Amino acid sequence: MRVDKTLLPSGVRVVTESMPEVRSAALGFWVGSGSRDEPSDLQGSSHFLEHLLFKGTSSRTARDIAEAFDAVGGEANAFSEKEFTCLFGRVLDRDLPMASEVLSDMLLNPLLSPDDIEAERRVILEELAMLEDTPEDLVHDVFAEALFGEHPLGREIMGTIATVKIISRSDLASFHDANYRSPNVVVAASGNLEHERVVEWAGQGFAAGELATAARVPARPKASRKLRVMNKSTEQAHLVMGGLGYPAHHPLRFAWGVLDNLLGGGMSSRLFQEIREKRGLAYSVFSFRHLFSEIGMYGIYAGTTPANVSEVLDVISTELDQMSEAGVTEEELERAKGHMKGGVVLALEDPFSRMTRLGKSEVVGSELLSLEQILATVDAVTVEDVSRVARDLLSEDRRTLAVIGPFTADYFDSWHEAS
């Protein structure tokens, strides 16, 4: 596999990975702006705008866009995150020029019709209503809000019902003009392609001489014990316990990945074995981590009956204490590294996964490593590396707890903030 990168005169960065053994290609236009870059009173703007990219341009209708990809058996889609938005297409290699032309038009020239805006507003309000009715998803937003406080990283990506109701066409146009600028765009592609051709296609339509977007509000939340409880009359209680972590470029990020795997990354992980297999306290239990440009977060999710919440919390707390105080064994380490390496290889078997890796690394600012370098770096992780991460991140006074269920905050006396 070969990775190439070019900086265009417009400021657009183009990064590609050639996979000559396949007959398809994935192309993504990554914008380095997401929900954390929105004004507080216009939360949800990036997600709202992402919806509208598919509603037509000055030269194409929404049907034209759909038919262009359907006619070749391809796919066009998009997603919004806290730090970026991605518009992408998956097509046969011969159709890559078409995908580049249509996607760049969608990205740069959205029509933003008033009728389309009102239609999508209703769709997004339905999405938010569905989230309220899905506590296993909502608890992750409650946790992020508790962890990051007023900082934009704590916001729900879709915004709130109140903000989505008031976002106007001029608000969306202003957000697009301020953030969808050439220096803020990464074009990533992977598959059976030639880098020079992708550079040629990607350069069309982007203006030179544009200024970069405004600087972000720095994320410097203080790691401290926090509690957030949402009282809901649910049959099952949903909880997330976790805390702050390392940023995307941190040298210990791979050791952190191994730690995450050991805690709750698979069926042999400590938490899965103790909570589900041994005690039968939960059907779903897992750990996760997110790495942002200058900070990170980790968490452990479990869904259990309200009567078992205290026991589940005790088990999670005990495992975190043991990990931070005693570290891990060589046997555990090798098993976790093997699981992590296998997951990396399997995740990069197709052009879309490789394109996503390229685009996200470039737009977030993390080092882009080859598959061989990733595997070698995971292999080099030691017991002491994992123990250091555990000491850094898992201590009791740094943990945040979020719960949705038939409880009030008083039920969790020991989790009240010191303040």
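Quantities reported herein were computed from a predicted structural model and do not represent experimental measurements.
- More than 12 heavy-atom neighbours from other residues, nucleotides or ligands sit within 6.0 angstrom of CZ on R279.
- The salt bridge (Lys or Arg N to Asp or Glu O under 4.0 Å) check on R60 picks up E101, D105, with sequence neighbours excluded.
- Remark: side-chain polar atoms of E319 are not paired, donor with acceptor, to backbone N or O of I316 under 3.5 angstrom.
- Counting only distance, with no hydrogens or angles, the side chain of E75 and the backbone of G89 share no donor-acceptor pair below 3.5 Å.
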Intermediate values then yes/no, side-chain contact (heavy atoms from CB on, under 4.5 Å), F54 and L87: CA-CA 10 Å; F54 291 84; L87 175 65; 3.5 Å; yes
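- Of all heavy-atom pairs spanning V258 and A336, the tightest one is CG1-CB, 3.8 Å.
- Partner of T85 under the side chain to side chain contact (heavy atoms under 4.5 Å, CB included) criterion, chosen from W30, F79, Y180: Y180.
- In K360, the NZ atom is not crowded: 12 or fewer heavy atoms of neighbouring residues, nucleotides or ligands sit closer than 6.0 Å.
- The OG atom of S33 lies 13.5 Å from the CD atom of E81; values are rounded to the nearest 0.5 Å.
- A donor-acceptor pair shorter than 3.5 Å cannot be found between the side chains of E156 and H140.
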Steps toward side chain to side chain donor-acceptor pair (under 3.5 Å) verdict (E367, S361): CA-CA 7 Å; E367 183 182 10; S361 295; over 6 Å; no
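- G159 and L128 get closest at one heavy-atom pair: O-CD2, 3.5 Å.
- Using cut-offs of 30° and 60° for the angle between ring planes, the Y246 and H250 rings count as parallel.
- A salt bridge links D379 to K341: at least one charged side-chain nitrogen sits closer than 4.0 Å to a carboxylate oxygen.
- Of the N and O atoms on the side chains of H249 and S366, not one donor lies less than 3.5 Å from an acceptor on the other residue.
- Between the side chain of R225 and the backbone N or O of L401 there is no donor-acceptor pair closer than 3.5 Å.
- Counting non-hydrogen atoms of other residues, nucleotides and ligands closer than 6.0 Å to CD of E126 gives a total of 12 or fewer.
- A donor and an acceptor atom, one from each side chain of E194 and S18, are nowhere located under 3.5 Å apart.
- A side-chain donor-acceptor contact under 3.5 Å links R121 to the backbone of I167.
- Although no hydrogens or angles enter the test, the distance criterion places no donor-acceptor pair under 3.5 Å between the side chain of K5 and the main chain of R13.
- For the 3.5 Å distance criterion, the side chains of D177 and S174 fail to qualify, holding no donor opposite an acceptor.
- Contact check on E294 versus R36 returns a salt bridge, with a Lys/Arg side-chain nitrogen under 4.0 Å from an Asp/Glu carboxylate oxygen.
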Worked check of side-chain contact (heavy atoms from CB on, under 4.5 Å) between L320 and L263: CA-CA 8 Å; L320 293 179; L263 275 174; 3.9 Å; yes
Trace of the side-chain contact (heavy atoms from CB on, under 4.5 Å) decision for I124 with F48: CA-CA 7 Å; I124 295 168; F48 206 145; 3.7 Å; yes
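- For N184 (side chain) and N179 (main-chain N/O), a donor-acceptor pair under 3.5 Å exists by modelled atom type.
- With hydrogens and angles disregarded, no donor-acceptor distance shorter than 3.5 Å links the side chain of D93 to the backbone of S24.
- Contact check for Y411 versus V229: no side-chain heavy atoms found under the 4.5 Å cut-off.
- Of all non-hydrogen atoms in A237 and F407, the two that sit nearest each other are CB-CE1, 3.7 Å.
- When all heavy atoms are compared, the tightest approach of A390 to S324 is O-CB, 3.5 Å.
- S35 and H47 form no side-chain donor-acceptor contact under 3.5 Å, judged by distance and modelled atom types alone.
- The residues D171 and R169 are annotated as not salt-bridged, no charged nitrogen and carboxylate oxygen being separated by less than 4.0 angstrom.
- The line from CG of L393 to OH of Y298 is 6.5 Å long, rounded to the nearest 0.5 Å.
- With hydrogens and angles ignored, the 3.5 Å screen pairs no side-chain donor or acceptor of R228 with any backbone N or O of F143.
- A ring-centre distance under 6.0 Å is found for F88 and F352.
- The distance from atom CZ of R270 to atom CD1 of I275, rounded to the nearest 0.5 Å, is 13.0 Å.
- The closest side-chain donor-acceptor pair between T57 and N109, if any, does not fall under 3.5 angstrom.
- Counting only distance, with no hydrogens or angles, the side chain of D260 and the backbone of G257 share no donor-acceptor pair below 3.5 Å.
- Across every non-hydrogen atom of L131 and M158, the tightest pair is CD2-CE, 4.1 Å.
- Side-chain contact check for S353 and T356: no donor-acceptor pair (N or O, by modelled atom type) lies under 3.5 Å.
- The backbone N or O of L153 sits less than 3.5 Å from a side-chain atom of K82, completing a donor-acceptor pair.
- Between E38 and S46, the side chains place a donor N or O and an acceptor N or O closer than 3.5 Å (distance only, hydrogens not considered).
- A salt bridge is absent between R354 and E349; no separation between the charged side-chain nitrogens and carboxylate oxygens falls under 4.0 Å.
- Around atom CZ of R398, more than 12 heavy atoms belonging to other residues, nucleotides or ligands sit under 6.0 Å away.
- The stretch residues 44-54 participates, sequence neighbours left out, in no salt bridge (charged side-chain N to carboxylate O under 4.0 Å, His left out) pair at all.
- Here CD of Q204 is found 11.5 Å from CG of L108. Values are rounded to the nearest 0.5 Å.
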Trace of the side chain to side chain donor-acceptor pair (under 3.5 Å) decision for E127 with H51: CA-CA 12 Å; E127 284 187 273; H51 275 233; 3.3 Å; yes
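- Between A99 and L27 the shortest heavy-atom distance is C-CD2, 4.0 Å.
- Between the side chains of D41 and T163, no donor-acceptor pair of N or O atoms lies under 3.5 Å.
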side-chain contact (heavy atoms from CB on, under 4.5 Å) assessment of E17 paired with R357: CA-CA 10 Å; E17 184 169 17; R357 182 179 77 95; 3.7 Å; yes
